[in-house]
Amino acid sequence: MYMVESKGGAIVCMLLALFFLGTWPALMTLLERRGRLPQHTYLDYTVTNLLAAVIIALTFGEIGSERPNFSTQISQENWPSVLFAMAGGVVLSLGNLSTQYAWAFVGLSVTEVITASITVVIGTTLNYFLDDKINRADILFPGVGCFFIAVCLGSAVHSSNAADNKAKLNKLEKAGDFSTSREAIPNRDPENENVAVEKTKAGTADFLIELENKRAIKVFGKSTFIGLAIAFFAGVCFSLFSPAFNLATNDQWHTLKKGVPKLTVYTAFFYFSISCFVIALVLNIGFLYYPVLDLPRSSFKAYLRDWNGRGWAFAAGLLCGFGNGLQFMGGEAAGYAAADAVQALPLVSTFWGILLFGEYRRSSRRTYILLVSMLFMFIVAVAVLMASAGHRKE
């Protein structure tokens, strides 16, 4: 079994995980904004998310012979640790499932900021004590403080941008064009499919209305408190999955029988992903027939026929799966509290939100100042949390 031994290797794992975990939400958001039902997207995502765990287990988990390999541990009496790993998978699946609805209501950036903040404040603190304080507290907790400041700035960015968007829509309504602009704005000439109609510019009122008409989850006229409540619930779920995984691999509560080896990170991740897959499968098949938030009803047969954007959903699952695996590999080597630096993923998500979705385009100067301040503080938070990394003793 391959293990990350050095602090440098752990940091590389964290940086790669940060990029992967900040990118997959952008792909899921892209599909929702194009009108694909989130139930269809999540079912595709969860298949490749499990595939990533299987690939990691059968490759890294089988290299070398110094420690128990993945195939050896499958038959060992390690069920207490397996249950901790599966519990972590359950809460992660619930968190991921919730965020796909929160993204529509409060946006990609602010959803990731809220969930990341709760994860760092609760999850990092729990991991610090579970890891027997191997991380430097004098660096770790100032890093958590920097993250909290960045979260406050992120909330201010959202508030300012929401006010900007409201002003744009009010201006259009006063001009007398709002009612007509609410009709769907096609991207192509209906009489000639080969002639493209000029697209609306990102950040304009027409762009916001066009987006509402295209997207799967309709948000106009609905309270953003719905999205915020979902985001807070997701954040609590995210804050618990890493400590549960920590308990699965290090057995701090001594639940294993004497002589039974602790679960390796790869075996734990396999069981973690199995439970994540089962929960996602059951809930999303249920949501096909009993949808929430006024989404249209679908069926498993309709899902199988829906190939629009399936490749992107598969890619999102792989990115999330490999991102989680890398986070756990880095956490096992340098401490799970330091590995929570990947919760600075809003830094990456905000970048994709600006590049792909035109978030914050044509916003006020105040919004831009707050946005730059938030991104700067996120960078500081990542650097400080990574600098707190210790080295786990056997």
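Between Leu263 atom CG and Asn250 atom CG the span is 10.0 Å, to the nearest 0.5 Å. Between the OG atom of Ser160 and the CG atom of Asp164 there is a distance of 4.5 Å, given to the nearest 0.5 Å. Atom CG of Asn308 is separated from atom NE2 of His40 by 11.0 Å, given to the nearest 0.5 angstrom. Note: Lys168 NZ to Ile209 CD1 = 12.0 Å, rounded to the nearest 0.5 Å. Expressed to the nearest 0.5 Å, how far CZ of Phe70 lies from OH of Tyr266 amounts to 12.5 Å. The CG atom of Leu281 lies 10.5 Å from the CG atom of Leu50; values are rounded to the nearest 0.5 Å.
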Would Arg310 and Thr41 satisfy side chain to side chain contact (heavy atoms under 4.5 Å, CB included), going step by step from the backbone distance to the final call? CA-CA 7 Å; Arg310 177 157 285 165; Thr41 299; over 6 Å; no

Run Leu37 and Tyr303 through side chain to side chain contact (heavy atoms under 4.5 Å, CB included) and show every step you take. CA-CA 9 Å; Leu37 290 178; Tyr303 156 70; over 6 Å; no

For the pair Thr46 and Ile279, evaluate side chain to side chain contact (heavy atoms under 4.5 Å, CB included) and give the outcome as yes or no after the intermediate values. CA-CA 10 Å; Thr46 198; Ile279 291 296; over 6 Å; no

Gln252 and Asn246: side chain to side chain contact (heavy atoms under 4.5 Å, CB included), yes or no, with the steps? CA-CA 8 Å; Gln252 290 94 333; Asn246 194 349; 2.9 Å; yes

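Aromatic ring pairs are classed by plane angle as parallel below 30°, tilted from 30° to 60° and perpendicular above 60°; the pair Trp24 and Tyr45 is parallel. Taking the six-membered ring for Trp and thresholds of 30 and 60 degrees, Phe245 and Phe272 have ring planes more than 60 degrees apart, a perpendicular arrangement.
Side-chain heavy atoms closer than 4.5 Å link hydrophobic residues (I, L, V, M, F, W, Y) into clusters, and following such links, possibly through other members, connects Ile285 to Val282. A single hydrophobic cluster is seen to contain both Leu283 and Ile230, as judged by linkage of ILVMFWY side chains at heavy-atom distances under 4.5 Å, directly or through other members. The hydrophobic clustering, which links ILVMFWY residues whose side-chain heavy atoms are closer than 4.5 Å, places Leu27 and Leu318 together. Following chains of ILVMFWY side-chain contacts shorter than 4.5 Å, one can reach Phe232 starting from Leu97, so the two form part of one hydrophobic cluster. By the criterion of side-chain heavy atoms lying less than 4.5 angstrom apart, applied directly or through intervening Ile, Leu, Val, Met, Phe, Trp or Tyr residues, Ile149 is not grouped with Ile369; the two fall into different hydrophobic clusters.
By the 4.0 Å N-to-carboxylate-O rule, Lys218 lies too far from Asp294 to be salt-bridged with it. Ion pair Arg36/Asp44 flagged as a salt bridge, since at least one NZ, NE, NH1 or NH2 atom sits closer than 4.0 Å to an Asp/Glu carboxylate oxygen.
Residue pairs meeting the side-chain hydrogen bond (donor to acceptor under 3.5 Å, both in side chains) criterion with at least one member in residues 25-35, sequence neighbours excluded, are Glu32-Arg215. Residue pairs meeting the side-chain hydrogen bond (donor to acceptor under 3.5 Å, both in side chains) criterion with at least one partner in residues 74-85, sequence neighbours excluded, are Glu77-Lys257.
Within the 3.5 Å criterion, the main-chain N or O of Phe314 finds a donor-acceptor partner in the side chain of Thr48. Checking side-chain atoms of Asp306 against main-chain N and O of Ala302 turns up no donor-acceptor pair under 3.5 Å. Checked by atom type and distance alone, the side chain of Gln73 pairs as donor or acceptor with a backbone atom of Lys262 at under 3.5 Å. Listed for the Tyr360 side chain is no donor-acceptor partner under 3.5 Å among the backbone atoms of Tyr368. Ser239 places no side-chain N or O within 3.5 Å of a backbone atom of Gly123 that could act as its donor or acceptor partner. A donor-acceptor contact shorter than 3.5 Å is absent between the side chain of Thr367 and the backbone of Ser363. A donor-acceptor contact shorter than 3.5 Å links the side chain of Asn284 to the backbone of Ala280. Listed for the Glu112 side chain is no donor-acceptor partner under 3.5 Å among the backbone atoms of Ser349.
For Phe300 and Tyr289, the distance between ring centers is not under 6.0 angstrom. If you look at Phe328 and Phe269, their ring centroids are closer than 6.0 Å. Trp312 has its ring centre no less than 6.0 Å from the ring centre of Trp307.
Between Pro80 and Leu256, the closest heavy-atom pair is CD-CD2, 4.3 Å.
Every residue meeting the side chain to side chain donor-acceptor pair (under 3.5 Å) condition with Asp251, not counting sequence neighbours, appears here in chain and number order: Thr255.
Residues Glu62 and Ser71 bring a donor and an acceptor atom of their side chains to less than 3.5 Å of each other.
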